[in-house]
*Asks:* 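For reference, the structure I am asking about is given below.
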Amino acid sequence: MVGTSMELFDFIAAALAKFVGTEGEDFQLPEGRQRELGFTFSFPVNQTSISSGTLIKWTKGFSINGTVGEDVVSELSRAMERQGLDMKATALVNDTVGTLAGGRYMDTDVVAAVILGTGTNAAYVEHANAIPKWTGLLPKSGKMVINTEWGSFKSNKLPLSEYDKAMDFESLNPGEQIYEKMISGMYLGEIVRRILLKLAHEASLFGDVVPPKLELPFILRTPDMSAMHHDSSHDLKTLGAKLKDIVGVADTSLEVRYITRHICDLVAERAARLAAAGVYSILKKIGRDKVPSGGGKMPRTVVALDGGLYEHYKKFSSCVEATLTDLLGEEASSSVVAKLANDGSGIGAALLAASHSQYQYGASD
């Protein structure tokens, strides 16, 4: 996550070479045919064609020198050449766009895709004539995919706490990705750590001495937070073990454990409700937030969701879905489906690469 552009893309190309090296004979290409791939790149890009785009900025805690303003496909291509890989990236795909493509391929009622993982973003299908900045010819379908980059949304309406403000100020990109910092997996555990640290200093939560480990930024990761939050045992044994392993407090009282779980609950619920508000705003924008006024049935509306936070943090995902139901109301929510699209971005990128291949494929391919 920190280093030079060459180091990052050489790492990706080396992992790719290792993966290709494990393939059996079933995956060997005919002589003279170049292997093609879809490149899922989950950062803001100014996309100039289906297979090229320049990086606008790094997010999610990445700080790589020499990539901003460069064509990321060219960077990957040069790295693949250095590895001796005869490959071509035929589609550069944002993870939300990939998830949307993969989701729509499996279910034509998919109208939006949301990533809730290390970072967060969303993409949706918009009517082309509703896009003010569009100046070219309208697509034949009359529709366009919008990559919202909603992680960078900031507003004085967002309920920023002192912990959010301090974390943002000390981050690699202060003042940016505010919405992402409130709801994504990269940051939720850190918010919990900061709250625990304040209680340790001001209320002696862990006794007279503040645990030194608790002072370390990002020592508490969101998967650890999830494990503590999901502990339903009467003595919160798992939570106590996590505090011992991560913070170094060997013996915590039951009260301290319950306080810690309550903090996890509050931070996760706020994040989930804010995420659901984002999903609702997209449905509202495309008119899928309420039953048609002239009567008739609301069309089936599917939102494809991908990302480790949504997939593995069950209390978080349940809260996202429950909040979306609350916002839509009973009648409209009965037509809206939140659907897990596991590795939707990878599958979608492969589909888009295949659909833009330099070769003709038959049905048997």
Side-chain angles (χ1 to χ4, degrees), residues 1 3-56 58 60 62 64 66-107 110 113 115 117-119 121 123 145 147 304 306-308 341-365:
M1 294 173 70
T4 67
S5 191
M6 183 178 281
E7 286 170 336
L8 173 64
F9 285 95
D10 278 352
F11 173 78
I12 295 170
L16 193 54
K18 187 178 177 183
F19 169 71
V20 171
T22 65
E23 292 183 331
E25 289 189 5
D26 291 348
F27 295 96
Q28 298 308 308
L29 291 177
E31 192 71 31
R33 180 173 283 198
Q34 188 179 34
R35 190 183 291 262
E36 298 172 303
L37 84 136
F39 182 23
T40 304
F41 189 73
S42 315
F43 300 93
V45 162
N46 179 25
Q47 189 143 5
T48 47
S49 77
I50 186 66
S51 59
S52 61
T54 56
L55 176 65
I56 296 169
W58 288 110
K60 292 177 282 202
F62 275 70
I64 305 289
T67 324
V68 173
E70 296 296 323
D71 181 354
V72 294
V73 174
S74 296
E75 294 283 307
L76 179 62
S77 298
R78 286 192 287 270
M80 289 192 297
E81 283 174 24
R82 289 193 289 271
Q83 287 288 334
L85 288 169
D86 183 24
M87 286 192 179
K88 180 183 180 183
T90 54
L92 173 65
V93 184
N94 179 272
D95 55 350
T96 51
V97 177
T99 302
L100 184 58
R104 195 144 171 133
Y105 180 79
M106 305 300 287
D107 187 334
V110 169
I115 304 293
T118 305
N121 193 11
V145 172
N147 166 19
D306 193 12
N342 199 345
D343 191 29
S345 61
I347 293 165
L351 286 165
L352 290 167
S355 66
H356 289 83
S357 172
Q358 60 190 311
Y359 307 109
Q360 291 294 317
Y361 288 100
S364 62
D365 296 320

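Numbers here simply count residues along the sequence, with the first being 1.
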*Asks:* I'd like to know if the side chain of D95 pairs up with that of S42 as donor and acceptor (distance under 3.5 Å, no hydrogens or angles considered).
*Replies:* yes
*Asks:* Please report the shortest heavy-atom distance between G103 and V110, naming the atom on each side.
*Replies:* O-CG2, 3.5 Å
*Asks:* Which distance, rounded to the nearest 0.5 Å, do you find between the CG of L352 and the OH of Y105?
*Replies:* 11.5 Å
*Asks:* For the pair Q358 and K88, evaluate side-chain contact (heavy atoms from CB on, under 4.5 Å) and give the outcome as yes or no after the intermediate values.
*Replies:* CA-CA 10 Å; Q358 60 190 311; K88 180 183 180 183; 3.9 Å; yes
*Asks:* To the nearest 0.5 angstrom, please state how far the OG atom of S345 sits from the CZ atom of F41.
*Replies:* 13.5 Å
*Asks:* Identify which one of L92, T54, D71 satisfies the side chain to side chain contact (heavy atoms under 4.5 Å, CB included) criterion when paired with V45.
*Replies:* L92
*Asks:* Any side-chain heavy atom of N121 within less than 4.5 Å of one from N147?
*Replies:* yes
*Asks:* Test side-chain contact (heavy atoms from CB on, under 4.5 Å) on M1 and L8 and set out the steps.
*Replies:* CA-CA 8 Å; M1 294 173 70; L8 173 64; over 6 Å; no
*Asks:* Let me confirm one number: the CD1-CD distance from I12 to Q83, rounded to the nearest 0.5 Å.
*Replies:* 11.5 Å
*Asks:* Within the structure provided, determine whether N94 and Q47 are in side-chain contact (heavy-atom separation under 4.5 Å).
*Replies:* no
*Asks:* Between A341 and A304, what is the shortest heavy-atom contact and its length?
*Replies:* CB-CB, 4.1 Å
*Asks:* Have a look at T96 and tell me which of T40, D306, V145, I115 forms a side chain to side chain contact (heavy atoms under 4.5 Å, CB included) with it.
*Replies:* I115
*Asks:* To the nearest 0.5 Å, tell me how far L351 CG sits from R104 CZ.
*Replies:* 13.5 Å
*Asks:* Answer yes or no: are there more than 12 heavy-atom neighbours, outside M87 itself, under 6.0 Å from its atom CE?
*Replies:* yes
*Asks:* Between the side chains of E75 and S5, is a donor N or O closer than 3.5 angstrom to an acceptor N or O?
*Replies:* yes
*Asks:* Are E70 and L55 packed together at the side-chain level, in the sense that at least one heavy-atom pair is separated by less than 4.5 angstrom?
*Replies:* no
*Asks:* How close do L37 and M80 get, counting heavy atoms only, and between which atoms?
*Replies:* CD2-SD, 4.0 Å
*Asks:* Are side-chain heavy atoms of V20 and R35 found at a separation under 4.5 Å?
*Replies:* yes
*Asks:* Do the charged groups of R82 and D10 touch, with an N to O distance under 4.0 Å?
*Replies:* yes
*Asks:* Report the distance from atom CD of Q34 to atom CG of L85, rounding to the nearest 0.5 Å.
*Replies:* 10.5 Å
*Asks:* Within 45 degrees of the axis of the six-membered ring of Y359 and under 6.0 Å from its centre: does R33 put its NZ or CZ there?
*Replies:* yes
*Asks:* Looking at every non-hydrogen atom in both residues, tell me the closest pair between S51 and A89 and how far apart they are.
*Replies:* CB-O, 3.5 Å
*Asks:* How long is the gap from CH2 on W58 to CZ on F43, to the nearest 0.5 Å?
*Replies:* 5.0 Å
